[in-house]
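Proteins come first, then strands; the chains are lettered A, B, ... in the order of their sequence lines, and each starts at number 1. All values derive from a computational prediction rather than experimental measurement.
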There are 2 protein chains.
Amino acid sequence: MEVRELVYFTAVAEELHFGRAAARLGMTQPPLSRAIQQLERRLGVALLERGGRRVALTEAGAVLLRESRTVLDAASAAARRTRRAGRGDPRLVLVIKPGGDGGLLPAILDAYQTEPGALPVELVCSFGEREILLREGRADAALLHRPHHDLTGLDTQDLLTETQVLVMPSSHRLAGRTRVCLNDLAGEPLPRWPGASEGRSHGPEIHDLGQLLHLVALRRMVAVLPSSIRDQLRDDLVAVPVDDAEPTTLLLAWPEHATSPALAAFIRTAAAVAGKTTAHGG
Amino acid sequence: MEVRELVYFTAVAEELHFGRAAARLGMTQPPLSRAIQQLERRLGVALLERGGRRVALTEAGAVLLRESRTVLDAASAAARRTRRAGRGDPRLVLVIKPGGDGGLLPAILDAYQTEPGALPVELVCSFGEREILLREGRADAALLHRPHHDLTGLDTQDLLTETQVLVMPSSHRLAGRTRVCLNDLAGEPLPRWPGASEGRSHGPEIHDLGQLLHLVALRRMVAVLPSSIRDQLRDDLVAVPVDDAEPTTLLLAWPEHATSPALAAFIRTAAAVAGKTTAHGG
DNA sequence: ACAGCTTACGTGTAACGTAAAGATA
DNA sequence: TATCTTTACGTTACACGTAAGCTGT
């Protein structure tokens, strides 16, 4: 089974139309048709049901579509990681969410730089879909939150578990409370995180923390955030605990099977710093 | 990047010798050499250092070797899963260790068969490397133990956490104790699990539970096992708790991204049965 | 009759094998 | 000099495109 065949099949399976798939691939239909036939012959399985004017996936085709994506993702990640390892200039690329480091990052970076063999750390700030950068081989590690991120395919190290607080303007109807629960938020606009499933949050789409706090100050919405956000709160905002919001765990994630000693040292350092901070900080 | 290129590179990287790699691949050296050169050109990275009589991996080559294995494993698993989905005869293949089901399996199977859309369950018994069957696409789910198995690349559902007991002949010097600790076992031969790293266990290699208990009865060794093993103990053997042995968690594991409804129902059923059992059984 | 997948056929690229050359210890 | 990788060259296989054929709607 060749990568080319999987690319072809994926295109046809997604388009459910040989002509459009061929156009997308920059080729003509006949060789595409033959390639799929050959794949079916080699697998000994029908992948597509061709009706006169309707193409549909068989059960096996649906399985192969999912599996193909895994294989193709792995292949492009492999190429990217190899290229990154080959071009000199070794760095550790860490992807973070601005304001989403629980206040730990400065201490971690300082401690890591004293490690023997420490690499320069390149910080990449990104709001949405940060875990994808890891799976694509574009980054070495990421600071993520459980349960907000999908951690399949990643190894993780827990750093810090935090309760969540409601952030709102001082003039908000709930600002005087010492605690709230999720039911109190019914009808409040909540931020829409880019890339998140189109869930119930109906507020504006958010791209960075400054924007978020600004919109909260403007009474456009309120936000439920990890309590460490308090360190970065503007004077015109207040935060009160949300009793029944699930605690959030800040964690360090990296691709499975990663073996780089520099990454291992970084993980160790981060765990040590987080452990120390938790021990006397809470 | 094509699968063929990765196969070639993997062979050379493992042999560190173009001639042997070519022989292993059933081809001659020159096209192999060219294929590697082309791969290096396309990636823009040197993968191998050719000294007159010595071939070595560059750093990038080491990265690609690891990544290649991931890609190739994913590709062959994709083919196998697709074939399994294509050949009619849908079944749920569950791999277990004889005696390693914590006594839950009969109840799980009974409950599952009452589910709508339940598939026939095929049980595969295997002692070593059970998780590999999942990664290779040969099985749909497996009963494994944490921390004994490597769970990377798998999703899991915890079923049952058990303390561990020392199993020995009634005549053993420790048989009268009500509890032991790991230090008491210094010098005792312990079973060698097939596929496990060549660790400190210096006893005979074990392939099934009957053999293990037989060898224990013959005073060839003792074994530390989950306490549910007591249900299956022969009369001439005794089990006492090991105070400082890490508790073992029996769990159900399946490949990441699995989407089969039959598997989902099986997971739900297993979790429900385990929860019920734990609730009144301890 | 038309849209769309497939078969037929001719062409070019590329992968392979044999043979010869270059490089290193 | 011996061993091992690379370059050179001729052949074969395979993937692609154009054109014609077939099939449901």
Subject >> Protein-nucleotide distance (A:L32, atom CG; C:dT6, atom C1'), rounded to Å >> reply: 12 Å

Original post:
Closer than 4.0 Å, any side-chain N/O of B:T28 to the OP1 or OP2 of C:dC16?
Top reply: no

Original post:
Is there a donor-acceptor pair under 3.5 Å between the side chain of A:S68 and the backbone N or O of A:L64?
Top reply: yes

**OP:** Let me know the distance between CD of A:E49 and C1' of D:dG24, rounded to the nearest Å.
**Re:** 15 Å

Original post:
Counting only N and O atoms by type, is there a donor-acceptor contact under 3.5 Å from the side chain of B:R81 to the main-chain atoms of A:E67?
Top reply: no

Original post:
A:F18: what forms a ring-ring contact (aromatic ring centres under 6.0 Å, His included) with it, not counting sequence neighbours?
Top reply: none

Subject >> Any residue of residues 54-63 of chain A with a heavy atom less than 4.0 Å from an atom of DNA chain D >> reply: none

Subject >> Partner set under side chain to side chain donor-acceptor pair (under 3.5 Å) for B:D110, not counting sequence neighbours >> reply: none

Original post:
Do any of residues 14-21 of chain B sit with a heavy atom less than 4.0 Å from DNA chain D, and if so which?
Top reply: B:H17, B:F18, B:G19

Can you give me the N/O atom pairs linking the protein to nucleotides 7-13 of chain D at distances under 3.5 Å, or say none if there are none?
unit_1: D:dT7; atom_1: OP2; unit_2: B:Q37; atom_2: OE1; d: 3.3
unit_1: D:dT7; atom_1: OP2; unit_2: B:Q37; atom_2: NE2; d: 3.1
unit_1: D:dC9; atom_1: N4; unit_2: B:R34; atom_2: NH1; d: 3.4

Subject >> Inter-end axis angle, the helix from C:dA1-D:dT25 to C:dA25-D:dT1, with every axis fitted to five base pairs (rounded, 10 degrees) >> reply: 30°

Subject >> Nearest-Å distance for atom pair OH/C1', residues A:Y8 and D:dC14 >> reply: 12 Å

**OP:** Side-chain contact test, heavy atoms from C-beta onward, threshold under 4.5 Å: evaluate it for A:E131 versus A:L133 and give yes or no.
**Re:** no

**OP:** Please report, rounded to the nearest Å, how far the C1' atom of D:dC16 is from the CD atom of A:Q29.
**Re:** 13 Å

Subject >> Nucleotide C:dG17, atom P - distance to CG of B:L25 in whole Å >> reply: 10 Å

Subject >> Intermediate values then yes/no, side-chain contact (heavy atoms from CB on, under 4.5 Å), B:M1 and B:L39 >> reply: CA-CA 7 Å; B:M1 225 175 35; B:L39 183 58; 3.7 Å; yes

**OP:** Specify the separation, in whole Å, of atom CD of A:E2 and atom P of D:dC14.
**Re:** 12 Å

**OP:** Starting at CG of A:L123, measure out to CD1 of A:I96 and round the result to the nearest 0.5 Å.
**Re:** 4.5 Å

Original post:
Are more than 12 heavy atoms from other residues, nucleotides or ligands located less than 6.0 Å from atom CZ of A:R20?
Top reply: yes

**OP:** Using the test side-chain contact (heavy atoms from CB on, under 4.5 Å), find all partners of A:R53 that sit at least two apart in sequence or belong to another chain.
**Re:** none

**OP:** Remember a base hit wins even if backbone is also touched, and classify A:Q38 as base, sugar-phosphate or nothing at under 4.0 Å, heavy atoms.
**Re:** sugar-phosphate

Original post:
Going by the side-chain hydrogen bond (donor to acceptor under 3.5 Å, both in side chains) test, which pairs reach into residues 136-145 of chain B, not counting sequence neighbours?
Top reply: B:R84-B:D140, B:E136-B:R138

**OP:** Whole angstrom is fine here: how far is it from CE in A:M27 over to C1' in C:dT13?
**Re:** 15 Å

Subject >> Side-chain (A:E5) to main-chain (A:A35) donor-acceptor, under 3.5 angstrom >> reply: no

Original post:
side-chain contact (heavy atoms from CB on, under 4.5 Å) between A:H257 and B:T70: does it pass, once the steps are laid out?
Top reply: CA-CA 9 Å; A:H257 308 125; B:T70 305; 4.0 Å; yes

**OP:** Name the nucleic acid region contacted by B:E5, choosing base, sugar-phosphate or nothing; use a 4.0 angstrom heavy-atom cut-off, strictly under.
**Re:** nothing

Original post:
For A:R24, which residues count as a side-chain contact (heavy atoms from CB on, under 4.5 Å) partner, sequence neighbours excluded?
Top reply: A:A11, A:E14, A:E15

**OP:** Just jot down the side chain to side chain donor-acceptor pair (under 3.5 Å) partners of A:E59, sequence neighbours excluded, or say none.
**Re:** none

Tabulate atom names and distances for all N/O pairs under 3.5 angstrom spanning the protein and nucleotides 22-25 of chain C.
none

Original post:
Hey, is the main chain of B:L151 close enough, under 3.5 Å, to the side chain of B:H149 for a donor-acceptor pair?
Top reply: no

Original post:
Nearest-Å distance, CG (A:L39) to P (D:dA15)?
Top reply: 12 Å

Would you mind writing out the side-chain donor-acceptor pairs for residues 258-273 of chain A within the sub-3.5 Å range, not counting sequence neighbours?
unit_1: A:T259; atom_1: OG1; unit_2: B:R66; atom_2: NE; d: 3.3
unit_1: A:T259; atom_1: OG1; unit_2: B:R66; atom_2: NH2; d: 3.4
unit_1: A:S260; atom_1: OG; unit_2: A:A262; atom_2: N; d: 3.2
unit_1: A:S260; atom_1: OG; unit_2: A:L263; atom_2: N; d: 3.0
unit_1: A:T269; atom_1: OG1; unit_2: A:A265; atom_2: O; d: 2.7

